[in-house]
Participant: 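Pasting a structure below so you can have a look.
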Amino acid sequence: MTGEKMKFIDEYRDASAVRTYADKIAEITTRPWNIMEICGGQTHAIMRFGIDQLLPPEITLIHGPGCPVCVTPVEILDKAIEIAGRDDVIFCSFGDMLRVPGSRKDLLTVKAEGGDIRTVYSPMDTLKIAIESPDKQVVFFAVGFETTAPSTAATILQAHRRKLTNLSMLVAHVLVIPAMEAILSSPDNRVQGFLAAGHVCTVTGYAVYEKLVDKYEIPIVVTGFEPLDLAQGIYLCVRQLEKGASLVENQYARAVKRDGNQPALQTVNRVFEETDRRWRGIGLIPQSGLKLRGEFAEFDAENRFEPANQVTHESTGCISGQILQGAKKPYECPAFGKRCTPEHPLGATMVSSEGACAAYYLYRKP
Ligand code: SF4
């Protein structure tokens with residue numbers, strides 16, 4: 001939709017083009033609709049560029065659980081904290097995870113206490129660290145959706161090939177579609193249309209949503225992250241809702257193909273299999289996570305270190321579970337902007353660069 005003719009980011013941020021789509025949405029809207037953007041990156045773009053404020057009052061955007069840092073369960077985070085505190089471990093993680101509160105402390109506190117915790121930008125960085133540090137155990141905290149799982153899988157294949165015995169992964173990868181299905185099958189569901197996460201779909205493709213569309217008769221529009229992408233995605237979704245249609249549409253055609261990235265998917269399938277997974281604030285979602293196949297069990301940090309299952313504790317008063325399911329907005333939390341800020345977060349949704357609470361704090365602070 002946003003045309004292969006465009007070359008520069010500014011063109012996707014052209015305010016007049018975005019307003020044109022906002023006007024088109026207003027023209028076709030005849031009644032209230034609830035649309036969920038699944039991805040936290042989209043939530044931040046909507047807040048940052050004020051897309052929600054351009055829409056007619058009938059359109060409500062509901063922010064979904066597509067922030068991997070936010071949904072990583074506290075029991076896995078507590079295990080990460082335990083492993084990271086060991087003397088023989090170099091613990092590697094994406095930066096966002098370091099400040100997420102565990103039951104008793106966060107990873108940044110472990111680092112302050114002397115733990116060797118390193119921020120990496122790709123799991124592949126951990127290969128180099130493991131090769132250069134043969135007397136240490138290197139552990140990568142593998143967090144993320146379908147978007148990051150291929151690079152974790154490729155790293156494990158490399159480690160396997162090189163017969164590295166000092167690299168392992170604490171795996172917390174989650175899958176988008178089971179989460180969407182959990183939302184749709186909930187008796188409290190309010191979502192009538194989805195903006196699917198464009199970057200996830202660069203890996204999965206969009207054909208994978210066809211079953212969901214058929215089963216729940218709901219429009220799903222694969223959507224990008226720039227203001228014009230979002231305005232177009234919402235327009236396509238409202239157009240379907242007004243017509244009573246339920247189709248998968250691809251707004252993000254410049255990056256997403258019907259069948260996705262097959263080499264990436266094959267790499268993930270070679271290394272991982274689906275498993276039930278708890279989502280922080282939401283609970284267990286069947287077959288919504290990835291675990292290492294038996295062949296690669298030697299790279300599983302849980303097997304290698306056997307961290308204890310601890311009694312978990314979460315901040316009372318944090319309603320991030322309701323926010324992640326779209327039931328409440330961040331400003332409805334009594335702690336928002338008072339007891340809970342990005343400097344002193346009570347919940348993961350205030351820490352992550354994709355968290356809804358952080359988005360509202362940054363762009364809509366009361
Ligand atoms: S504002 Fe803070 S306490 Fe409230 S839901 Fe968000 S993260 Fe939790």
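As the structure is a prediction and not an experimental result, all values here were calculated from the model.
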Participant: Is there a continuous path of hydrophobic side-chain contacts, each under 4.5 Å between heavy atoms, that joins Tyr216 to Val208?
Facilitator: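 Linked, Tyr216 and Val208 end up in one cluster.
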Participant: Does atom CG of Asp87 have more than 12 heavy-atom neighbours, drawn from other residues, nucleotides or ligands, at distances under 6.0 Å?
Facilitator: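 Counting other residues, nucleotides and ligands, CG of Asp87 stays at 12 neighbours or fewer.
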Participant: Ignoring hydrogens and angles, state whether a donor on the side chain of Asp106 or Thr109 is under 3.5 Å from an acceptor on the partner side chain.
Facilitator: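 Result is yes, a qualifying pair exists.
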Participant: Asn189: which residues meet the side chain to side chain donor-acceptor pair (under 3.5 Å) condition with it, sequence neighbours left out?
Facilitator: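 Asn189: no side chain to side chain donor-acceptor pair (under 3.5 Å) contacts found.
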Participant: Is Asp14 close to Leu228 at the side-chain level, that is, under 4.5 Å between some pair of heavy atoms?
Facilitator: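 No. Closest side-chain heavy atoms not under 4.5 Å.
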Participant: So, do Arg86 and Asp88 sit near enough that their side-chain heavy atoms are less than 4.5 Å apart?
Facilitator: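 Side chain of Arg86 against side chain of Asp88, heavy atoms only: contact under 4.5 Å found.
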Participant: What residues form a side-chain contact (heavy atoms from CB on, under 4.5 Å) with Arg339, not counting sequence neighbours?
Facilitator: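 Testing Arg339 for side-chain contact (heavy atoms from CB on, under 4.5 Å), a comparison that skips the adjacent residues, returns Ala335, Leu346.
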Participant: When you measure from the side chain of Gln137 to the backbone N and O of Val89, does any donor-acceptor pair fall under 3.5 Å?
Facilitator: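 Answer holds: no.
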Participant: Any chance you could measure Phe305, atom CZ, to Asp300, atom CG, to the nearest 0.5 Å?
Facilitator: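 So the CZ of Phe305 and the CG of Asp300 are separated by 10.5 Å.
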Participant: A side-chain contact here means heavy atoms from C-beta on lying under 4.5 Å apart; do Val200 and Ile38 qualify?
Facilitator: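 No, too far: nothing below the 4.5 Å cut-off.
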Participant: Would you say the rings of His199 and Phe145 are close, in the sense that their centroids are separated by under 6.0 Å?
Facilitator: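 That pair fails the under 6.0 Å test.
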Participant: Could you tell me if the side chain of Gln42 sits less than 4.5 Å from the side chain of Leu230, heavy atoms only?
Facilitator: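 When only atoms from C-beta onward are counted, Gln42 and Leu230 do touch, with a gap below 4.5 Å.
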Participant: Between Thr148 (side chain only) and Val143 (backbone N and O only), is there a donor and an acceptor less than 3.5 Å apart?
Facilitator: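 Here the side-chain-to-backbone pair exists.
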Participant: What residues, two or more places apart in sequence or in another chain, satisfy side chain to side chain donor-acceptor pair (under 3.5 Å) together with Arg277?
Facilitator: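 For Arg277 there are no side chain to side chain donor-acceptor pair (under 3.5 Å) partners, ignoring immediate neighbours.
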Participant: Side chain of Glu113, backbone of Gly85: donor and acceptor closer than 3.5 Å?
Facilitator: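 Side chain of Glu113 to backbone of Gly85: no pair is present.
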Participant: Are Met180 and Leu284 connected in a single hydrophobic cluster, I mean Ile/Leu/Val/Met/Phe/Trp/Tyr linked by side-chain heavy atoms less than 4.5 Å apart?
Facilitator: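 They do not share one cluster, since no chain of ILVMFWY contacts under 4.5 Å joins Leu284 to Met180.
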Participant: Would the distance check show the side chain of Asn166 and the main-chain N or O of Ser133 forming a donor-acceptor pair, the cut-off being under 3.5 Å?
Facilitator: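 Yes; at least one donor-acceptor contact below 3.5 Å.
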Participant: Does Asp229 reach the main-chain N or O of Glu226 with its side chain, forming a donor-acceptor pair under 3.5 Å?
Facilitator: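 Yes, the answer is positive, given that a donor and an acceptor are paired below the 3.5 Å cut-off.
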Participant: I'd like to check the side-chain contact (heavy atoms from CB on, under 4.5 Å) partners of Ala255; sequence neighbours left out, ordered by chain and number.
Facilitator: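 With neighbours one apart ignored, the set is Thr202, Tyr252.
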Participant: Give a yes or no answer on whether the side chain of Arg239 reaches the backbone of Ile28 with a donor-acceptor pair at less than 3.5 Å.
Facilitator: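 Answer holds: no.
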Participant: Does some side-chain heavy atom of Cys92 sit less than 4.5 Å from a side-chain heavy atom of Ile129?
Facilitator: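 In contact.
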Participant: Run the side-chain contact (heavy atoms from CB on, under 4.5 Å) test against Leu265 and tell me which residues pass, sequence neighbours left out.
Facilitator: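 In terms of side-chain contact (heavy atoms from CB on, under 4.5 Å), with neighbours along the sequence ignored, Leu265 is linked to Val203, Gln262.
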Participant: In the single-linkage hydrophobic clustering (I, L, V, M, F, W, Y; side-chain heavy atoms under 4.5 Å), do Val174 and Leu290 co-cluster?
Facilitator: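 No, Val174 does not connect to Leu290 through the hydrophobic network.
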Participant: In the hydrophobic clustering that connects Ile, Leu, Val, Met, Phe, Trp and Tyr at side-chain heavy-atom distances below 4.5 Å, which members other than Ile323 occupy its cluster, ordered by chain and number?
Facilitator: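 Answer for Ile323: Ile319.
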Participant: Where the side chain of Arg99 meets the backbone of Pro342, is there a donor-acceptor pair that is under 3.5 Å apart?
Facilitator: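 A pair under 3.5 Å: yes.
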Participant: Could I get the full list of ring pair (Phe, Tyr, Trp, His ring centres under 6.0 Å) partners for Phe141, not counting sequence neighbours?
Facilitator: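 Ring pair (Phe, Tyr, Trp, His ring centres under 6.0 Å) check on Phe141 returns Phe91.
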Participant: For the residue pair Glu332 and Gln322, establish whether any side-chain heavy-atom pair is separated by less than 4.5 Å.
Facilitator: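 Glu332 vs Gln322: side chains apart.
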Participant: Restricting to side chain to side chain donor-acceptor pair (under 3.5 Å), what partner residues turn up for Thr30, sequence neighbours left out?
Facilitator: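 So Thr30 forms a side chain to side chain donor-acceptor pair (under 3.5 Å) with Glu242.
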Participant: Verify, without hydrogens or angle tests, whether Thr223 (side chain) and Val221 (backbone) share a donor-acceptor contact under 3.5 angstrom.
Facilitator: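 Pair found, side chain donor or acceptor close to backbone of Val221.
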Participant: Indicate every side-chain donor-acceptor pair of residues 56-78 with a distance under 3.5 Å to a residue at least two apart or in another chain.
Facilitator:
| unit_1 | atom_1 | unit_2 | atom_2 | d |
| --- | --- | --- | --- | --- |
| His63 | ND1 | Glu37 | OE2 | 2.5 |
| His63 | NE2 | Lys329 | NZ | 3.4 |
| His63 | NE2 | Tyr360 | OH | 2.6 |
| Thr72 | OG1 | Pro68 | O | 2.8 |
| Glu75 | OE2 | Arg278 | NE | 3.3 |
| Asp78 | OD1 | Ser103 | N | 2.8 |
| Asp78 | OD2 | Ser103 | OG | 2.5 |

Participant: So which pairs with a foot in residues 159-179 pass ring pair (Phe, Tyr, Trp, His ring centres under 6.0 Å), sequence neighbours left out?
Facilitator: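 Those involving residues 159-179 are His160-Phe296, His173-Phe272.
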Participant: Answer yes or no: is there a side-chain heavy-atom contact under 4.5 Å between Gln325 and Ile282?
Facilitator: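 Counting from C-beta outward, Gln325 and Ile282 do come under 4.5 Å.
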Participant: Considering residues at least two apart in sequence or located in another chain, which fulfil the side-chain contact (heavy atoms from CB on, under 4.5 Å) criterion with Glu343?
Facilitator: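 For Glu343, the residues satisfying side-chain contact (heavy atoms from CB on, under 4.5 Å) (neighbours in sequence not counted) are Thr341, Tyr361.
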Participant: Are any non-hydrogen side-chain atoms of Asn303 and Glu298 less than 4.5 angstrom apart?
Facilitator: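 They are not in contact (no side-chain heavy atoms under 4.5 Å apart), so the answer is no.
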Participant: What salt bridge (charged side-chain N to carboxylate O under 4.0 Å, His left out) pairs are there with at least one residue in residues 165-192, not counting sequence neighbours?
Facilitator: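 As it turns out, the salt bridge (charged side-chain N to carboxylate O under 4.0 Å, His left out) pairs with a partner in residues 165-192, which skip direct neighbours, are Glu181-Lys215.
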